[in-house]
Amino acid sequence: MKVQELRQMLSGAERSLVEKAFVESYKQLKKYQKEEVDLLIRDILSGESEKSGAKKGKQSFEELETQIEMFLENAKAGNYYAPNRVIPKSQRPKWRFLVKGYIKELEKIAPDSEHYERAAELLRKIYLLLCEACNYYLFSTEDAFRSVGWQQDKLFHLLVSKTFGSGFSKENVAEMTVMACTGGLSREALYYGQQAALISELKTSDVKYMAMETAKKEIQERKEKLSGLGKYDHQRYYLEEEINNFCDLFLMISLSLAETESGVKFYFRNSIEPRKEIILYRALWVADIIGDDEVWKEIYKYGLSKKIKPRDELIRKYQEKINGKDEP
C-alpha cells in the first residue's frame, strides 16, 4: 500500500492495535534490517530526528569533503567499532547513515562542476573502505555494502561512471580495472558483477584494449611474485585468486570485442588451476555472463579439442544449446 493509505489506516485505529501491527511488522525484518530500524525508531521516539532535521542546512563541498575525510580516518582507526573516546558509543552504529548521505551528495555532483574529480576521488575512498570492511571488522556488521543499502556492483558501477566522467585516461582505466578484480567482497557479490559493470562503461575498443593491457600487466606481476613463494605460503591463495579474476576480465573483454579465440587461449594459458575442466567451466560461466550462445559453443568445442572431458552439467547444457532449447 502507499504511505498515505497507511497513515489513514493508523489515524483511525486504536493505539493497542497500532502497537500490535508495529511489533508484528518489526518481527518480519531480518537481523541486519533491524539494526538500521532500531536506530531510526530510537531517534524518532526521542525527538532526535526532528532536531537533526532542523539543524540540517546547505553545506559547501569543502565542508562535505572535510566530513568525509574525518569519517574515513576514524573508520580506519576502528573508532566506529572498538571502544574509544573519539566517537561516542551511541553514535557508532550511525556510520551507515553517514555513508548513505555521503554517497547521495557525491552522486549529485555533475561533470561540469569544479568539484567533480574530487567528488569521484571521495567516492572511490568510500568504496575502498567498504571493501576493506568486508575483510576486517571496521564496523559492527559482516556486510558493509548491505548495511549502507547498496549492492556492491551497483556502487562500483556508480564509481566507474563518475571516474570516467572526467575522461578515459590510462590512469583512470587502470585504476578501475584493478578495482574490478581485487579488494573485499560483499557476501552477496562476485567479482563478475564488478567486471560487467566496468565493461559496460568501456564504450570504445581503444579503452577496452587499455583495460586488457592492464589485466595482462597485473597477471604478470603476480606470477612473478608467485615464483618467489614457497609451495605452502599463505600468500599464494590470494595471488592466484587475483590472477584468475584478471583472467576472467580479460576473457570477458575479449568476447565483447569478438576476439574469442585469442581470449580463450590467453585464458587457458594464464588461469591458475591444475584441473583444466574447471578452467573450461569458468570460461563458459564468463560466456554465460556475456550472453552469447555461439561464443559459449565455440569455447565448449575448444575445450573438447584440448581433450578436456566436460562435466555432465556442461554436456547437457551444450545439447540444449545445439538443439535450440536453452534452459529457462
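Only heavy atoms go into these numbers, but all of them, side chains included; no hydrogens, no water, no symmetry mates.
With Glu218 contributing its side chain and Ile243 its backbone, the two residues share no donor-acceptor pair below 3.5 Å. In this structure, the side chain of Glu201 does not engage the main chain of Val160 through any donor-acceptor pair within 3.5 Å. Side chain of Lys162 to main chain of Ile109: a donor-acceptor pair is present (N/O by atom type, distance under 3.5 Å, no hydrogens or angles). Side-chain atoms of Asn323 come within 3.5 Å of backbone N or O of Gln319 as a donor-acceptor pair. The main-chain N or O of Met210 is found under 3.5 Å from a side-chain atom of Thr214 such that the two form a donor-acceptor pair. Formation of a donor-acceptor pair under 3.5 Å by the Asn84 side chain with backbone atoms of Asn79 is found in this model. Listed for the Asn270 side chain is a donor-acceptor partner under 3.5 Å among the backbone atoms of Phe266. For the pair Asn244 (side chain) and Ile272 (backbone), a donor-acceptor distance under 3.5 Å is present.
Hydrophobic cluster of Tyr137: the remaining members, joined at side-chain heavy-atom separations below 4.5 Å, are Tyr81, listed by chain and number.
Using a cut-off of 4.0 Å between Lys/Arg side-chain N and Asp/Glu carboxylate O, Glu320 and Lys317 are scored as not salt-bridged. Using a 4.0 Å cut-off between charged nitrogen and carboxylate oxygen, Glu261 and Lys265 count as a salt-bridge pair.
Remark: Glu213 pairs with Lys216 by the side chain to side chain contact (heavy atoms under 4.5 Å, CB included) rule, at least two apart or across chains. Not a single side-chain hydrogen bond (donor to acceptor under 3.5 Å, both in side chains) links Lys276 to another residue, sequence neighbours left out. In this structure, the ring pair (Phe, Tyr, Trp, His ring centres under 6.0 Å) partners of Phe61, at least two apart in sequence or on a different chain, are His115. Contacts of Glu132 classified as side-chain hydrogen bond (donor to acceptor under 3.5 Å, both in side chains), with partners at least two apart in sequence or in another chain: none. Not a single salt bridge (charged side-chain N to carboxylate O under 4.0 Å, His left out) links Lys76 to another residue, sequence neighbours left out.
Taking the six-membered ring for Trp, Tyr267 and Phe250 have ring centres at least 6.0 Å apart.
A donor-acceptor pair shorter than 3.5 Å cannot be found between the side chains of Glu63 and Gln67.
Scanning both residues, Pro310 and Ile315, for their nearest heavy atoms gives O-CD1, 3.6 Å. Residue Asp143 comes nearest to Arg187 through the heavy atom pair OD2-N, 3.0 Å, listed as atom of the first residue, atom of the second, then distance.
In this pair, Tyr127 and Phe156 present their aromatic rings tilted. The plane angle is within the 30 to 60° band. Aromatic ring pairs are classed by plane angle as parallel below 30°, tilted from 30° to 60° and perpendicular above 60°; the pair Tyr300 and Trp296 is parallel.
Applying the 6.0 Å contact sphere to CD of Glu73 captures no more than 12 heavy atoms from other residues, nucleotides or ligands. Atom CD of Glu259 has more than 12 heavy atoms from other residues, nucleotides or ligands within 6.0 Å.
Under the 4.5 Å side-chain heavy-atom criterion for grouping Ile, Leu, Val, Met, Phe, Trp and Tyr, Val86 is connected to Leu129 within one hydrophobic cluster. Connection of Val264 to Trp285 is established within a shared hydrophobic cluster, with ILVMFWY side chains joined at heavy-atom distances below 4.5 Å, either directly or through further cluster members. Under the 4.5 Å side-chain heavy-atom criterion for grouping Ile, Leu, Val, Met, Phe, Trp and Tyr, Leu185 is not connected to Ile126 through any hydrophobic cluster. Under a hydrophobic-cluster definition in which Ile, Leu, Val, Met, Phe, Trp and Tyr are linked whenever side-chain heavy atoms come within less than 4.5 Å, directly or via other members, Met70 and Ile68 are assigned to different clusters.
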task = Given side chain to side chain contact (heavy atoms under 4.5 Å, CB included), test Gln91 with Leu98 step by step and report yes or no.
result = CA-CA 10 Å; Gln91 296 300 311; Leu98 293 177; over 6 Å; no

request  = Kindly determine whether Phe139 and Trp95 satisfy ring pair (Phe, Tyr, Trp, His ring centres under 6.0 Å), including the steps that lead there.
outcome  = CA-CA 8 Å; Phe139 309 105; Trp95 69 271; 3.8 Å; yes

